[in-house]
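Read the structure below first, then the notes.
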Amino acid sequence: MDTYDIGVVGGGVMGLSVLREAAAAGRSAIAFERDHIGHPLGSSHGPARAFATPHLMPELVEPAGRAGAIWRELAAHDPEIHWAQGAMLRTARPEPVAAALAAAGIEHEVLDPAAVEARWSGLTLGPGAPVVHTPDGGTLRADRVLTLLRRLAEDDGAVVREGVTVHGVARDGDGVVLETAIGATRVRHAVVAAASWTPALVAPLGIRVDACATRQTVVYVDDPGARTLPALFEEGDPSTYWVSSGDTTVRLGMDDHRAPAPEPGTRGEPDPRTVEVLMDHVRARLPHASAAPVGLDTCLFTHTGGRFVIERSGPVTAVVACEGRGFKFAPLFARELVADALGVRS
Ligand SMILES: Cc1cc2nc3c(=O)[nH]c(=O)nc-3n(C[C@H](O)[C@H](O)[C@H](O)COP(=O)(O)OP(=O)(O)OC[C@H]3O[C@@H](n4cnc5c(N)ncnc54)[C@H](O)[C@@H]3O)c2cc1C
């Protein structure tokens, strides 16, 4: 039976971040992905995710700053993974967010809507709440990030097995056996990073994780100012967000609490009602954008009650990158998980 120091279940941004950290620390590491890296049935695919340090939960500001430092490290290997065109949070309560940014030493400013419109022509906020702006935020080019994490891990000797489902995670002496259709692999430590599929895999080991998924709809529009458009999260009912995903394209989504649970093995259909709400938002905010979507997609949103889950029991760690910020935090928590829980230093 093959033996590795670390075995990872799941090849999304979380699993690949762990794989990369473990390999960089000089550990033998293997990851199993039941589909292929970058497939569209999970949470990590597509051209863009937002990186932002302003948060409605001020306690997330400082770790977001540390995550930013790791993204800059990764961007040294591929500068195109991160575009720092800025990020904005629009909220009626900017004070605690600005205070947390100041405490973390993160450059920021609070701007009223007129100041935003003067600085970014082609963006119409209208009257209402101010925004907290940070220049260091912007776009993480998700597909490119997955490719980079995999390459860096493989360069350090890690193995990626695609199209291989892990059916069971079982304790075996002081290690763990990962069971798959192509055989069993023994690892000293297993990291289960399988998003909303994690709870079922770790429950037999007595590890309890609360996580479930909804299928969210994502809309893409063309906008001539996309390349310099800051990412925007706008608190509201519903809360909405956008991030530039290319030279001319903007990706938009919203916190849709009524989104359906995913059906296994299918990406489902985009929800027409969500598309309508998001296109109304585009018409109000981005007057130069295309009148119709240039693309639609779905993406699984993993609900954990707002908590980034890291549960360790002996040689098994379950990790769930949660909700609308899991991508940007994945490399930070992977580093902490590998360094502290697994007892290695990168
Ligand atoms: C619409 C939307 C917008 C978002 N926007 C942002 C944003 O702007 N910024 C941000 O930071 N985050 C954002 N997120 C969140 C972020 O995308 C996710 O938190 C992150 O991608 C989760 O990564 P993951 O690796 O945990 O999950 P996944 O990418 O789903 O990876 C889990 C993998 O495990 C595999 N798997 C499952 N079971 C098994 C098994 N038994 N054996 C082998 N493999 C298995 C799956 O195939 C899957 O590939 C957004 C999410 C959504 C849905």
Side-chain angles (χ1 to χ4, degrees), residues 7-19 30-53 55 60 64 67-68 71 87 137-140 142-143 145-146 149 160-169 178-181 190-202 211 213-219 231-233 240-245 251-256 259 262 264-265 267 270-271 274 278 297-304 308-310 318-334:
V8 182
V9 184
V13 68
M14 192 65 240
L16 290 176
S17 295
V18 171
L19 188 76
I30 185 167
F32 296 95
E33 166 53 53
R34 67 180 177 189
D35 204 296
H36 64 271
I37 305 297
H39 70 88
L41 298 176
S43 300
S44 301
H45 61 287
R49 295 292 183 282
F51 176 80
T53 46
H55 274 280
L60 294 179
W71 284 111
T139 302
L140 295 168
D143 286 343
V145 166
L146 300 186
L149 290 170
V160 176
R161 293 259 188 273
E162 294 173 277
V164 181
T165 300
V166 173
H167 296 295
V169 181
L178 301 178
E179 288 148 7
T180 75
V191 178
V192 182
S196 62
W197 299 281
T198 299
L201 279 169
V202 299
T214 55
R215 191 183 64 230
Q216 302 282 331
T217 293
V218 176
V219 165
L232 174 69
F233 180 88
T240 52
Y241 51 87
W242 72 49
V243 60
S244 172
S245 62
R251 172 184 154 112
L252 297 102
M254 68 186 215
D255 283 349
D256 186 355
R267 58 201 297 191
D271 172 43
T274 305
L278 290 172
D297 199 2
T298 59
C299 183
L300 297 191
F301 201 81
T302 307
H303 302 265
T304 60
F308 199 111
V309 175
I310 302 179
V319 58
V320 182
C322 71
E323 301 173 11
R325 50 188 175 272
F327 203 98
K328 75 169 179 222
F329 280 126
L332 173 70
F333 289 113

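For ligands, and for the atoms within them, numbers begin at 1 and follow the listed sequence. What you are looking at is a predicted structure, and each value in this text was computed from that prediction instead of being measured.
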All ring pair (Phe, Tyr, Trp, His ring centres under 6.0 Å) counterparts of F233, not counting sequence neighbours: none
Heteroatom proximity flag, V13 to ligand 1, N/O under 3.5 Å: yes
Nearest non-hydrogen protein atom, atom 27 (O) of ligand 1: A195 CB, 3.5 Å
Top protein contact for atom 4 (C) of ligand 1, by heavy-atom distance: R49 CD, 3.8 Å
Per-atom contacts, ligand 1 versus R325 - under 4.0 Å to a heavy atom: 10 (C), 11 (O), 12 (N), 13 (C)
pair V169-L178: side-chain heavy atoms closer than 4.5 Å: yes
Distance filter under 4.0 Å to G42 heavy atoms, resulting ligand 1 atoms: 30 (O)
For F327, side chain to side chain contact (heavy atoms under 4.5 Å, CB included) partners two or more places apart: V13, S44, R49, W71, L140, A142, V145
Non-hydrogen atom of V243 closer than 4.0 Å to ligand 1: no
Side-chain (K328) to main-chain (A52) donor-acceptor, under 3.5 angstrom: yes
Interfacing atoms of ligand 1 (cut-off 4.0 Å, heavy-atom, M14): 24 (P), 25 (O), 26 (O)
Ligand 1 versus F327: contacting region, heavy-atom distance under 4.0 Å: both
The one among G324, G326, G253 that brings a heavy atom closest to atom 6 (C) of ligand 1: G324
Check: T298 side chain, R267 main-chain N or O, donor-acceptor pair, under 3.5 Å: yes
Ligand 1 contact on L300 by region, counting heavy-atom pairs under 4.0 Å: backbone
Reported CD-to-CZ distance for the pair E323 and F308, which is rounded to 0.5 angstrom: 11.0 Å
For atom 15 (C) of ligand 1, the protein heavy atom that lies nearest, with its residue and separation: E323 O, 2.8 Å
Exam field: side chain E33 to backbone D35, donor-acceptor pair closer than 3.5 Å: yes
Contact partition for Y241 relative to ligand 1, non-hydrogen atoms under 4.0 Å: side chain
Validation row: W197, V192 side chains within 4.5 angstrom (heavy atoms): no
T139 side chain vs S244 backbone, donor-acceptor pair below 3.5 Å: yes
For ligand 1, the portion of A330 having any non-hydrogen atom under 4.0 Å away: neither
D271 backbone acceptor or donor facing T217 side chain under 3.5 Å: yes
Among V9, I310, V18, L19, side chain to side chain contact (heavy atoms under 4.5 Å, CB included) partner for V191: V18
Closest candidate by heavy atom, reference atom 28 (P) of ligand 1, pool S43, A213, A87: S43
Any H45 heavy atom less than 4.0 Å to ligand 1: no
Under 4.0 Å to a heavy atom of V164 - the qualifying atoms of ligand 1, by number: 43 (C)
For L201, atoms of ligand 1 separated by under 4.0 Å from a heavy atom: 41 (N)
For S44, the ligand 1 atoms whose distance to one of its heavy atoms is below 4.0 Å: 20 (C), 21 (O), 22 (C), 23 (O), 24 (P), 25 (O), 28 (P), 29 (O)
Value rounded to 0.5 Å, distance of OG1 in T180 from CZ in R161: 9.0 Å
Side-chain donor/acceptor of S43 to backbone N/O of L300, under 3.5 Å: yes
Subset of ligand 1 atoms that lie under 4.0 Å from at least one heavy atom of K328: 10 (C), 11 (O)
Region of V218 engaging ligand 1 - heavy atom pairs below 4.0 Å: side chain
Structural part of M254 in contact with ligand 1, heavy atom criterion under 4.0 angstrom: neither
Structural part of L140 in contact with ligand 1, heavy atom criterion under 4.0 angstrom: neither
Atoms of ligand 1, numbered as shown, that sit under 4.0 Å from any heavy atom of H39: 46 (C), 47 (O), 48 (C), 49 (O)
Heavy-atom proximity to atom 32 (C) of ligand 1, best of A52, G15, A193: A193
Shortest reach to atom 35 (C) of ligand 1 by a heavy atom, considering only R215, R34, E33, R251: E33
